[in-house]
Amino acid sequence: MFKKLDEIKVLRDPIHGYIHIEYDVLWRCMNSREFQRLRRIKQLGASYMVYHTAEHSRFAHSLGVYEIVRRMLTENNEIGSSISEKDKVAVMLAGLLHDIGHGPFSHAFESICNMNHEEFTERILLEDTEVHRIIEKAHTGLSEAVAKIINHTHPNGLLTQMISGQFDADRMDYLLRDAYFTGTKYGEFDLERILRTIRVKDGKMVVKETGIHTIEDYIMARYHMYWQVYYHPTARSYEVILANLFKRLKDCKTENPKLLKEISLFDAFLSKKKITVKDHFLMDENTCFYGFSCIANSDDKIASDLAKRLLNRKLFKYQDVIDNKMIDKMRNKLTKRGYDLRYYFATDEVKQRPYQPYKGDELSAIWILMNNGKILELSEASNIVHSLVHGENKNEEKMFFPID
């Protein structure tokens, strides 16, 4: 038996109304230093440069994912009755802690510094951290079970499906939360209806045929949020400058080593050495902005300029790329104006398909329980989703450059 709190803790939340915490281990993990760090990581990275109220954190999102998982377990008898108490606690912990390894600026920082938030999530769970000690004190071996749910190796695939798939608590929370904080209504869908129509069949989550239209709305919400919010070119411009600043810092190892001696905050993320969990913990957005302020006042003109652009929202202009001639023309123009193309020009291509049928992994798909008892993959049961899957992929390439 897992220890429960003397009374259920209730946290106010704009998306779910209230978040309820009953188990002691979950409450302790929420108050751990590693989880509290997520208050200092924005959920949407650079999107607040476009949507000024998109200041919500990974901390709030993680609590929201936990709450959806908790509701799945407590309000849906088919899910709750098929899972042991240990697995229930493990999957709630997985929902709460699934993003604990995230670095600053959402996914942009990962490609810049060659780190993976999923890898760090697993390391924080399994290495000597406060979170690890809390979980192991509650039940020996529980931290490994939580890690396996998150990394898709747990023997009970239903648990993984609840946390990480195309129809999971993670996506359901971030779509609603991101839509709310950006003010973009097209990201909304009927969460209550989805939770009521979920069933368990053959060891996996399925949705009753009567709920298929709600799932279609969910898929379309994802589609619109990607193109209107997550792939917004202004946010991508910010990320280009962020990437180019770190590129400049790496080049300063040989071109201006004095700068790196003066500003050592980013040392661990500029070297090829393995980043420690301690280094990871210290790197949040507050740390980054302090570092950018220091760099802005340095004597390295390129690094200083890029840092000021990030701090003061002096972003690069962007244009759609039609052909390579456009790129060559812009590169020549910037060169004549004295810009170093390594740091002042970039192209970026994004593409997105709102739903992908499973490829060898049944738990990664969305399954519909038809009225006749058959189970169909979503694109086989929905004409709308079928059209999205078999239609042409939408992709967009832009080039980014300064105009001042």
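Scope of the values below: all heavy atoms of this structure, side chains included, with no hydrogens, waters or symmetry mates.
- The six-membered or imidazole ring of His102 lies away from that of His280, with a centre-to-centre distance of 6.0 Å or more.
- Both cation-pi conditions hold for Lys204 and Trp367: the charged atom is under 6.0 angstrom from the six-membered ring centre and inside a 45 degree cone around its axis.
- The cationic atom of Arg177 (NZ for Lys, CZ for Arg) does not lie both less than 6.0 Å from the six-membered ring centre of Tyr180 and within 45° of the ring axis.
- Annotation: ring pair (Phe, Tyr, Trp, His ring centres under 6.0 Å) contacts involving residues 123-165, sequence neighbours excluded, comprise Phe2-His139.
- In this structure, the side chain to side chain contact (heavy atoms under 4.5 Å, CB included) partners of Val229, at least two apart in sequence or on a different chain, are Leu44, Ser47, Tyr51, Thr182, Thr184, Met225.
- Aromatic ring pairs are classed by plane angle as parallel below 30°, tilted from 30° to 60° and perpendicular above 60°; the pair Tyr226 and Tyr230 is perpendicular.
- Within the structure, ring pair (Phe, Tyr, Trp, His ring centres under 6.0 Å) contacts touching residues 18-37 (residues at least two apart or in different chains) are Phe35-Phe59.
- A distance of 6.5 Å separates CD in Gln43 from CG in Asp99, rounded to the nearest 0.5 Å.
- A distance-only check finds no donor-acceptor pair linking the side chain of Glu34 to the backbone of Phe281 [under 3.5 Å].
- The shortest side-chain heavy-atom distance between Arg193 and Thr210 falls under the 4.5 Å cut-off.
- Side-chain contact check for Met49 versus Glu239: every heavy-atom pair is 4.5 Å or farther apart.
- Residues passing the ring-ring contact (aromatic ring centres under 6.0 Å, His included) test with Tyr318: none are found, sequence neighbours excluded.
- The stretch residues 234-270 participates, sequence neighbours left out, in these ring pair (Phe, Tyr, Trp, His ring centres under 6.0 Å) pairs: Phe109-Phe246, Phe109-Phe269, Phe246-Phe266.
- Asp328 contributes no side-chain N or O that, together with a main-chain N or O of Lys325, makes up a donor-acceptor pair within less than 3.5 Å.
- Ring centers of Phe189 and Tyr218: under 6.0 Å apart, within the cut-off.
- Counting heavy atoms from C-beta on, the side chains of Thr129 and Val277 come closer than 4.5 Å.
- Side-chain contact between Lys137 and Ile134 is absent, with no heavy atoms from C-beta onward closer than 4.5 Å.
- Partners of Lys4 by salt bridge (charged side-chain N to carboxylate O under 4.0 Å, His left out), not counting sequence neighbours, listed by chain and number: Glu22.
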